[in-house]
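Below: one structure, written as structure tokens.
Reminder, nothing fancy here: chain letters follow the sequence lines and each chain counts from 1.
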There are 2 protein chains.
Amino acid sequence: MNEADARRLERRASLLKTLAHPSRLLIVEMLEERPRCVTELTEAIGADITTVSKHLAVLKRAGFVRDRKRGTHSDYELLCGCISHFVDCVEKGMDACSSQAARVDAGEERQGAGTGSG
Amino acid sequence: MNEADARRLERRASLLKTLAHPSRLLIVEMLEERPRCVTELTEAIGADITTVSKHLAVLKRAGFVRDRKRGTHSDYELLCGCISHFVDCVEKGMDACSSQAARVDAGEERQGAGTGSG
DNA sequence: AGTATTATTGGCGAAATGGCCAAGCATGTC
DNA sequence: GACATGCTTGGCCATTTCGCCAATAATACT
């Protein structure tokens with residue numbers, strides 16, 4: 001494997017890792033509705049505010065969100081409005097493939113991944 | 001947050017976590033071409049075969065792949081042919097949003113996530 | 001049976017992650 | 001200035017992840 005490929009895979013893995021936490025997924029979903037301050041997100045998540053703040057820092061460093069200061073508040077805003085949609089796709093795809101796998105197990109052959117981006 | 005939501009987020013995070021490793025992403029990409037045995041994947045990854053075997057076990061447990069025994073070989077096969085496509089989307093979306101973020105920084109408002117599932 | 005090949009599992013150490021507490025910083029209010 | 005509010009950072013600990021080594025299992029070949 002060449003180095004460019006390695007970097008590409010590292011980057012992708014890093015993006016996925018950023019999203020791979022329940023609290024961060026919830027944050028993303030909530031920010032898809034509208035920007036929110038840390039306190040609001042903290043209430044929804046039910047964790048310590050310092051924990052949520054760190055989750056937000058992770059999302060920010062990865063480029064998923066940005067923050068705008070408003071007085072003592074930090075309003076966090078999603079920079080890419082379609083993230084949950086992608087996660088949706090993965091999940092739906094997996095579900096579809098579960099039944100597909102069952103069919104394959106029964107002896108049929110896979111035709112072509114029909115569970116695409118719809 | 002209710003318990004059903006919590007479970008849903010847990011499941012999604014778990015799926016993403018499974019994919020969030022460079023070696024596992026490479027495995028997925030290679031298996032999109034055709035099934036491969038562990039040795040073949042190991043050579044491409046350049047890690048110890050025991051490490052690769054464990055990565056495959058992770059993917060298998062999550063339902064992304066299955067293995068068929070062929071003599072002393074284990075051929076791994078992708079159960080969902082469209083995974084890389086989703087990752088592609090996230091990455092492209094992020095790239096698109098980077099420039100979008102730049103515009104937002106410059107004072108414009110976000111219209112609606114135009115970087116969708118294309 | 002004996003040996004080689006292929007893959008999996010257990011174990012250990014190094015590193016990363018996640019969570020809360022304590023402390024600190026920035027802004028607003030009195 | 002003093003105090004309150006909202007948020008962030010540093011620190012510590014528990015847990016998880018990752019990678020290699022050693023050992024084991026399963027199959028093929030002689």
### Task
Report the C-alpha separation of B/Leu56 and B/Asp67 in whole Å, then their side-chain angles, then the decisive distance to 0.1 Å, and conclude whether the side-chain contact (heavy atoms from CB on, under 4.5 Å) test is met.
CA-CA 9 Å; B/Leu56 286 164; B/Asp67 60 327; over 6 Å; no
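- For the segment residues 17-29 of chain B, the set of residues with a heavy atom within less than 4.0 Å of an atom of DNA chain D comprises B/Lys17, B/His21, B/Arg24, in numerical order.
- Residue A/Ser74 is classed as a sugar-phosphate contact, given heavy-atom separations below 4.0 Å to backbone atoms only.
- D/dC7 atom C1' lies 7 Å from atom NZ of A/Lys69, rounded to whole Å.
- Rounded to whole Å, atom P of C/dT6 lies 10 Å from atom CZ of B/Arg70.
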#### Entry: Verdict with supporting geometry, A/Thr51 and A/Ile45, side-chain contact (heavy atoms from CB on, under 4.5 Å)
CA-CA 10 Å; A/Thr51 301; A/Ile45 291 172; over 6 Å; no
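- Distance NE2 (A/His55) to P (C/dC20): 9 Å, rounded to an integer number of Å.
- Comparing A/Lys54 and A/Lys60 against DNA chain D, the residue whose closest nucleotide sits nearer the 5' end is A/Lys60.
- Atom pair A/Leu41:CG and D/dC7:P shows a separation of 9 Å (rounding to whole Å applied).
- Heavy-atom nearest nucleotides on DNA chain C were determined for B/Ala57 and for A/Asp48, and the one closer to the 5' end corresponds to B/Ala57.
- With sequence neighbours left out, A/Thr50 forms a side-chain contact (heavy atoms from CB on, under 4.5 Å) with A/Asp48.
- Computed from coordinates, the B/Asp75 CG to C/dA7 P distance equals 8 Å when rounded to whole Å.
- B/Phe64 has its side chain out of reach of B/Val28: every pair of non-hydrogen atoms, C-beta onward, lies at least 4.5 Å apart.
- If you take CD1 of A/Ile49 and P of C/dG24, they are 18 Å apart, rounded to a whole angstrom.
- Atoms CZ (A/Arg61) and P (C/dT17) sit 9 Å apart, rounded to a whole Å.
- The side chain of A/Val38 approaches D/dT8 more closely than any other nucleotide in the set D/dG19, D/dT8, C/dT9.
- With hydrogens and angles disregarded, no donor-acceptor distance shorter than 3.5 Å links the side chain of A/Arg66 to the backbone of A/Leu79.
- Per the geometry, CG belonging to A/Leu16 stands 17 Å off C1' belonging to C/dT17, to the nearest Å.
- Distances shown here put a side-chain N or O of B/His73 below 4.0 Å from the OP1 or OP2 atom of C/dA7.
- Here the options are A/Arg34, A/Arg70, A/Lys69, A/Arg68, the test is salt bridge (Lys or Arg N to Asp or Glu O under 4.0 Å), and the partner is A/Asp75; only A/Arg70 passes.
- Within the 4.5 Å cutoff, side-chain heavy atoms of A/Leu31 are placed close to those of A/Arg36.
- Residue B/Tyr76 has no polar side-chain atom (N or O) positioned under 4.0 Å from OP1 or OP2 of C/dT6.
- With hydrogens and angles ignored, a donor-acceptor pair closer than 3.5 Å exists between the side chain of B/Thr50 and the base of D/dC21.
- Under 4.0 angstrom from either OP1 or OP2 of C/dT5 there lies no side-chain N or O belonging to B/Thr72.
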